[in-house]
Amino acid sequence: MAAGAAPAIEQKLARSPGMIGIGIFGVALVVGLIYTIVSLARDLQVERGTSIYPYILLGVALLVALGFEFVNGFHDTANAVATVIYTHSMEPHLAVAWSGAWNFIGVLLSSGAVAFTIITLLPVELILQVGSGSGFAMVFALLIAAILWNLGTWYFGLPASSSHTMVGSIIGVGIANQLMNPRQGTSGVDWTQAAGVGRSLLFSPIIGFGVAWLLLLVCKAIIKDRRLYEAPVNGEPPPCWIRALLVFTCTGVSFAHGSNDGQKGMGLIMLILIGTVPTTYALNRAVTASQTQDFLAVSQQTVQVLNHYVDPSAVVADPRDDLTAFIRTRDFNANTMLALRSLVSDVGNETALYRELKNVPPDMTRNFRNDMYIVSETIRLVQKSGKAQFSAADLQTLGNYKKHVDLATKFIPLWVKVAVALALGLGTMIGWKRIVVTVGEKIGKDHLTYGQGAAAEITAMLTIGGADYLGLPVSTTHVLSSGIAGTMAANHTGLQWGTVRNLALAWVLTLPIAMLLSGFLFWALKNVF
């Protein structure tokens with residue numbers, strides 16, 4: 001490190017956040033908690049039941065799910081502030097508060113695409129029966145396994161990936177589910193979908209390294225201001241324009257992280273809500289009467305489209321069973337299109353009967369939602385398989401129908417987003433320092449320069465933002481850490497190979513350990529429930 005840089009950083013990291021900062025965060029936390037509790041209580045008034053058990057289970061499950069996001073804040077949010085802290089662009093506690101605010105905004109504005117991409121990796125029968133003992137065993141196994149691994153890596157200061165951990169946990173549950181019921185035709189892992197998610201997790205750090213390396217070299221060729229490529233001296237902040245750039249990139253990474261990583265817990269929270277209080281959360285009761293009428297018109301168009309692709313020799317006893325088997329096995333046969341047309345027609349007829357989703361009887365809500373989910377997944381997989389050669393116009397009709405179905409089933413209430421954002425922020429406020437020190441001090445041999453910090457942050461911001469747009473989960477930790485390593489390589493300052501080895505080891509071990517943990521927990525919890 002440059003002379004005077006280490007003592008200056010140590011002094012800043014040792015400072016307390018101050019009463020004003022604690023007070024502001026405390027007020028935000030209290031307001032958010034009140035809003036979350038009031039919103040949940042208002043929603044639960046719709047539920048009808050005398051047993052208190054579902055509400056106890058709901059409370060415990062929500063605490064565990066938010067605990068995952070809390071620990072996620074230890075890791076991933078801390079990465080966003082490491083560069084601005086180690087380039088003296090912002091004071092540590094101010095940087096953490098600023099990052100937390102933009103994480104909050106990112107969570108609130110997230111689309112939900114990543115949340116439901118994660119869910120599609122789960123075994124289909126556990127999603128359809130999420131209110132059963134097996135369903136709850138799945139959710140608790142996923143979350144507890146992810147929390148345990150994240151806490152362990154955080155304790156040793158290793159920037160492990162929460163995304164990687166969650167995917168490993170899901171695969172572990174899927175494999176365990178299949179091994180525990182080998183003769184019942186239960187599904188395991190959606191390997192096609194898992195491979196797509198795996199590729200995004202695999203290539204994102206490679207992209208982070210390469211793009212940050214190239215970006216720094218381009219900057220050196222174009223921008224000749226030497227201060228951009230020199231380490232800070234005596235804790236002094238960088239020139240104004242460099243400082244503004246670093247703060248901007250920190251803001252972008254924080255927003256992108258909230259928008260992408262915040263969704264991982266949201267999808268599981270929605271499964272918990274659907275399983276415990278289906279009357280309220282299985283269907284989006286905010287869908288308006290006019291939107292329902294649009295859905296009915298699109299349903300009729302979709303039935304007409306599917307008529308063109310039905311095999312005249314096909315015979316179906318139960319459309320739901322046939323389509324569930326197709327989702328599980330991907331075995332497209334003559335009955336698949338007939339079953340799809342039948343279930344689309346049934347869903348449309350029932351919607352016309354109830355007129356609005358809020359009128360669906362409580363005892364029918366879960367089955368109605370499951371039918372919609374099965375139809376949506378079947379359309380997605382049939383299109384992906386290419387087995388049915390749809391025309392361009394027919395594909396547009398199917399896509400429009402799927403969009404209407406997803407509006408009814410794939411939604412996230414605002415209070416869920418607020419709760420997740422608060423959990424992320426609280427985790428960051430408490431556990432940021434260990435990961436920040438690793439990223440800022442232990443990846444490269446020399447102190448991080450302004451140019452390196454900016455190149456790494458810009459790369460992370462663009463990579464995570466692009467993945468969020470595509471609905472793919474990526475690791476903030478891997479992208480930013482590899483970006484910093486790429487800038488060190490471009491600057492010829494050298495890497496601390498001990499840290500790089502530990503990061504690589506954590507990256508390699510995350511998947512198998514998360515799989516083993518979640519698989520064992522699923523087996524144990526299934527017996528308990």
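Note that the structure is predicted; figures quoted are calculated from it, not measured. For reference, positions follow the sequence shown, starting with 1. Only heavy atoms go into these numbers, but all of them, side chains included; no hydrogens, no water, no symmetry mates.
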Exercise. Would you give the length of the straight line joining atom CG of Leu516 to atom CD1 of Ile171, rounded to the nearest 0.5 angstrom?
Key: 12.0 Å
Quiz item: Got a second to check how far Asn150's CG is from Met166's CE, nearest 0.5 Å?
Solution: 8.5 Å
Exercise. Would you check if the side chain of Arg366 reaches a backbone N or O of Ala282 as a donor-acceptor pair within less than 3.5 Å?
Key: no
Exercise. Quick one: pull up CG in Leu525 and CD1 in Ile144 and give me the separation to the nearest 0.5 Å.
Key: 5.5 Å
Practice problem: Kindly indicate, with the supporting measurements, whether the criterion side chain to side chain contact (heavy atoms under 4.5 Å, CB included) is fulfilled by Ile207 and Val479. | Solution: CA-CA 8 Å; Ile207 292 171; Val479 174; over 6 Å; no
Quiz item: Should Val420 and Leu66 count as side-chain neighbours, where that means a heavy-atom distance under 4.5 Å?
Solution: yes
Quiz item: Just by modelled atom types, is the Ala460 backbone N or O under 3.5 Å from a matching donor or acceptor in the Thr463 side chain?
Solution: no
Quiz prompt | Separation of Thr280 OG1 from Leu58 CG (nearest 0.5 Å) | solution = 10.0 Å
Practice problem: Mind listing the closest non-hydrogen atom pair of Ile272 and Ala61 along with its distance? | Solution: CG2-CB, 3.4 Å
Quiz prompt | Set of residues satisfying side-chain hydrogen bond (donor to acceptor under 3.5 Å, both in side chains) with respect to Lys402, sequence neighbours excluded | solution = Ser376, Asp406
Exercise. Check Gly483 against Ala212 and note the closest heavy-atom contact, atom names and distance.
Key: O-CB, 3.3 Å
Quiz prompt | Heavy-atom closest contact (Leu40 atom, Trp415 atom, distance) | solution = CD1-CZ2, 3.6 Å
Self-check item: Leu57 and Phe140: CA distance, side-chain angles, deciding distance, side chain to side chain contact (heavy atoms under 4.5 Å, CB included) verdict
Solution: CA-CA 11 Å; Leu57 192 60; Phe140 279 106; 4.1 Å; yes
Quiz item: With a 4.5 Å heavy-atom cut-off, do Asp43 and Leu273 have their side chains touching?
Solution: no
Quiz item: Are any non-hydrogen side-chain atoms of Tyr281 and Pro413 less than 4.5 angstrom apart?
Solution: yes
Exercise. Considering non-hydrogen atoms only, spot the tightest contact between Leu216 and Ala490 and give its length.
Key: CD2-CB, 4.0 Å
Self-check item: Ser110: side-chain hydrogen bond (donor to acceptor under 3.5 Å, both in side chains) partners, not counting sequence neighbours
Solution: none
Quiz item: Is there side-chain contact between Ile269 and Met266, with at least one heavy-atom pair below 4.5 Å?
Solution: no
Practice problem: Hey, could you give me the OG1/CG distance between Thr165 and Leu143, rounded to the nearest 0.5 Å? | Solution: 12.0 Å
Practice problem: State whether the side chain of Ser99 and the backbone N or O of Ala95 hold a donor-acceptor pair below 3.5 Å, judged by distance alone. | Solution: no
Quiz item: So do the side chains of Leu268 and Phe68 get within less than 4.5 Å of each other, counting heavy atoms only?
Solution: no
Quiz item: Would you say the side-chain atoms of Arg369 pair up with the backbone N or O of Leu283, donor to acceptor, closer than 3.5 Å?
Solution: no
Quiz item: Sequence neighbours excluded, which residues qualify as side-chain hydrogen bond (donor to acceptor under 3.5 Å, both in side chains) partners of Thr288?
Solution: Ser290, Gln291
Self-check item: Within-4.5 Å side-chain heavy-atom neighbours: Ile85 and Met90
Solution: no
Quiz item: Can you tell if the side chain of Leu44 reaches within under 4.5 Å of the side chain of Tyr55, non-hydrogen atoms only?
Solution: yes
Quiz prompt | Non-hydrogen atoms of Phe522 and Ala141 that approach each other most closely | solution = N-CB, 3.5 Å
Practice problem: To the nearest 0.5 Å, tell me how far Ile147 CD1 sits from Glu69 CD. | Solution: 9.5 Å
Quiz item: Under 3.5 Å, is there a donor-acceptor pair between the Thr487 and Trp213 side chains?
Solution: no
Quiz item: How far apart are the C-alpha atoms of Cys250 and Glu457, what are their side-chain angles, what is the distance that settles it, and do they pass the side chain to side chain contact (heavy atoms under 4.5 Å, CB included) test?
Solution: CA-CA 6 Å; Cys250 168; Glu457 289 274 21; 4.2 Å; yes
Quiz item: Hey, does Val287 have a side-chain heavy atom less than 4.5 Å from the side chain of Lys358?
Solution: no
Practice problem: Spell out, as yes or no, whether a donor-acceptor pair under 3.5 Å connects the side chain of His404 to the backbone of Asn400. | Solution: yes
Quiz item: side chain to side chain contact (heavy atoms under 4.5 Å, CB included) between Met138 and Leu271: does it pass, once the steps are laid out?
Solution: CA-CA 10 Å; Met138 169 190 71; Leu271 283 182; 4.1 Å; yes
Quiz item: Which pair of heavy atoms, one from Leu357 and one from Ala408, lies closest together, and at what distance?
Solution: CD1-CB, 3.5 Å
Exercise. Please check if the side chain of Asn284 supplies one atom and the backbone of Thr409 the other of a donor-acceptor pair under 3.5 Å.
Key: no
